[in-house]
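In each ligand, atom 1 is the first atom listed, and ligand 1 is the first ligand listed. These figures come from a predicted structure and were not determined experimentally.
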Amino acid sequence: MYEYVRRIAFISEHASPAASLGGEDAGGQNVYVDDLSRHLSRLGYAVDIFTRRTSPDQPVILDWAPGVRIVHLDAGPPCPVAKDQLWCWMPELRDAFLRFLAERHAWYDLIHAHFWMSGWVALELKRRLGIPVVQTFHALGQTKRRHQGEADTSPPARLAVEHAIVQQADRLIAQCPAERQELIHGYGASSKRITMLPAGVDTELFHPVDQAQARLRVGLDPSEPVVVYVGRILPRKDVRNVLRAVALLVRRLGQPARLLVVGGETPEPDPQATPELGALQRLAAELGIIDRVIFTGRRPRSELAWYYGAGDVAVTTPWYEPFGLTPLEAMACGRPVIGSAVGGISFTVQPGVTGFLVPPRDPEALAWRLGQLLVEPNLRARMGDAARLRVEREFTWERAARQTALVYEQVLAEAGTPPLTPGVDERPHRLSKVHGLHRRVVHGVG
Ligand code: UDP
């Protein structure tokens with residue numbers, strides 16, 4: 001009997017699985033590191049997620065899930081800091097990681113870095129320790145600069161650092177074809193070093209619910225048409241576009257509809273804490289639809305199936321979207337999605353099958369598609385069923401974790417590390433706890 005252990009260090013400088021989601025700097029990346037690590041641990045990979053300490057009360061090590069720990073590293077003040085202000089603390093994060101290794105006699109087979117600043121830390125560690133690095137960007141500076149121009153508050157170093165990561169990481173994970181293209185054409189990445197591997201969705205948490213029950217639960221009229229937006233409340237998510245489309249629908253096309261807007265920094269909609277929420281409230285008033293829009297504030301993920309389920313259709317029309325988990329969540333809840341034809345949304349939503357794609361910043365196009373779906377219950381039901389099926393087939397975390405594990409094994413093989421088992425092991429195994437880490441014990445190998 002041989003023991004096989006893989007120990008993976010995730011570095012996710014600003015996005016911890018323990019953060020509350022829906023605010024300015026906590027969204028898809030937090031979910032990704034959380035769900036991916038949990039599912040990797042089921043395949044026998046022990047994952048430590050290294051993130052920046054944001055409160056003096058956080059323990060160094062937080063046991064988060066079987067086989068998954070969160071490690072809080074001191075880098076900068078122990079309080080929340082906007083992610084675009086964090087760059088100067090990355091050398092501290094690197095040094096804190098090195099201290100952790102030395103003090104705890106810890107070691108990792110591979111580093112999986114999330115976002116560009118973590119990628120820089122990972123390259124520093126690779127240079128000093130020789131540990132291979134897999135990088136998921138989650139968002140690319142070049143795309144952001146193109147869309148946000150002067151409003152982009154990313155540190156000036158971002159693009160150069162991203163270029164270095166593209167050249168030096170052992171493997172890049174692109175979450176959708178658009179990101180792959182940007183890496184190749186915008187950053188000169190070699191296509192051989194990119195693996196296209198979409199994120200997943202928790203199909204147990206996000207599942208179809210009875211609409212009448214959902215409406216009751218979230219306090220909505222059972223009979224009125226409902227459009228739902230779930231996500232961070234940021235200018236680039238362009239909820240203003242959704243408001244304009246709903247106004248067109250109501251005023252020009254004479255179709256009554258209610259809009260549910262879920263997200264924000266706080267559980268109550270507070271324009272002080274979430275300035276974009278204030279802008280949305282003012283716009284809704286200007287458009288004469290304030291009585292048709294419900295801003296709920298942030299909601300925990302455990303409740304979101306009720307919000308998606310209360311809707312007839314889910315919408316998300318950002319200017320750009322690196323991947324976009326919320327369309328997948330809505331699809332997993334059996335709802336058709338109208339999304340803008342950008343980034344990951346063009347990949348996850350199948351136009352005419354699971355929903356529709358519309359150009360960004362085009363309220364007319366959105367109003368027209370909303371109008372079409374809201375009057376056709378059969379089409380909505382067909383698309384909702386197709387959406388759920390697509391998620392079950394293509395976008396589960398089990399699948400994403402298996403594919404990620406294959407990437408790790410390829411990278412480790414290239415680095416000369418003995419294989420865990422050929423490919424990703426399918427043989428009977430059990431996990432046992434050794435020194436606080438979950439080890440995989442494979443029987444009868446070799
Ligand atoms: N989210 C949440 N509560 C809210 C609003 C959003 O839990 O009130 C979650 C949402 O379910 C999704 C994530 O935040 O999992 C947003 O991820 P997405 O990839 O859609 O956007 P990103 O935040 O990466 O821009």
Examine [X] against ligand 1 and note whether any of their N/O atoms are separated by less than 3.5 Å.
X: Phe206; value: no
X: Arg298; value: no
X: Gly28; value: yes

Checklist line | From the candidates Glu303, Arg301, Glu329, the one that places a heavy atom nearest atom 10 (C) of ligand 1 | finding: Glu329
Check: Nearest to atom 25 (O) of ligand 1 by heavy atom, Lys237, Glu321, Gln29: which?
Finding: Lys237
Check: Which ligand 1 atoms are under 4.0 Å away from a heavy-atom of Val31?
Finding: 15 (O)
Check: Looking at side-chain heavy atoms only, is the closest gap between Ser340 and Pro318 below 4.5 Å?
Finding: yes
Margin query: Can you tell me which portion of Leu304 lies within the under-4.0 Å heavy-atom range of ligand 1? Options are side chain, backbone, both, or neither.
Written below: side chain
Next item on the list: Take every heavy atom of Arg236, measure it against each atom of ligand 1, and state whether any distance is under 4.0 Å.
Entry: yes
Notebook entry, point to check: Can Arg146 and Glu182 be counted as an ion pair, charged N to O under 4.0 angstrom?
Noted result: yes
Check: Would you call the rings of His114 and His138 parallel, tilted or perpendicular if under 30° counts as parallel and over 60° as perpendicular?
Finding: tilted
Notebook entry, point to check: Ring centroid separation for Phe100 and Phe50, is it under 6.0 angstrom?
Noted result: yes
Next item on the list: Determine, using ring centers only, whether His163 and Tyr187 are less than 6.0 Å apart.
Entry: yes
Note to self: Against Tyr32, only a single residue in Trp397, Phe137, Phe10 fulfils ring pair (Phe, Tyr, Trp, His ring centres under 6.0 Å); can you say which?
What the structure shows: Trp397
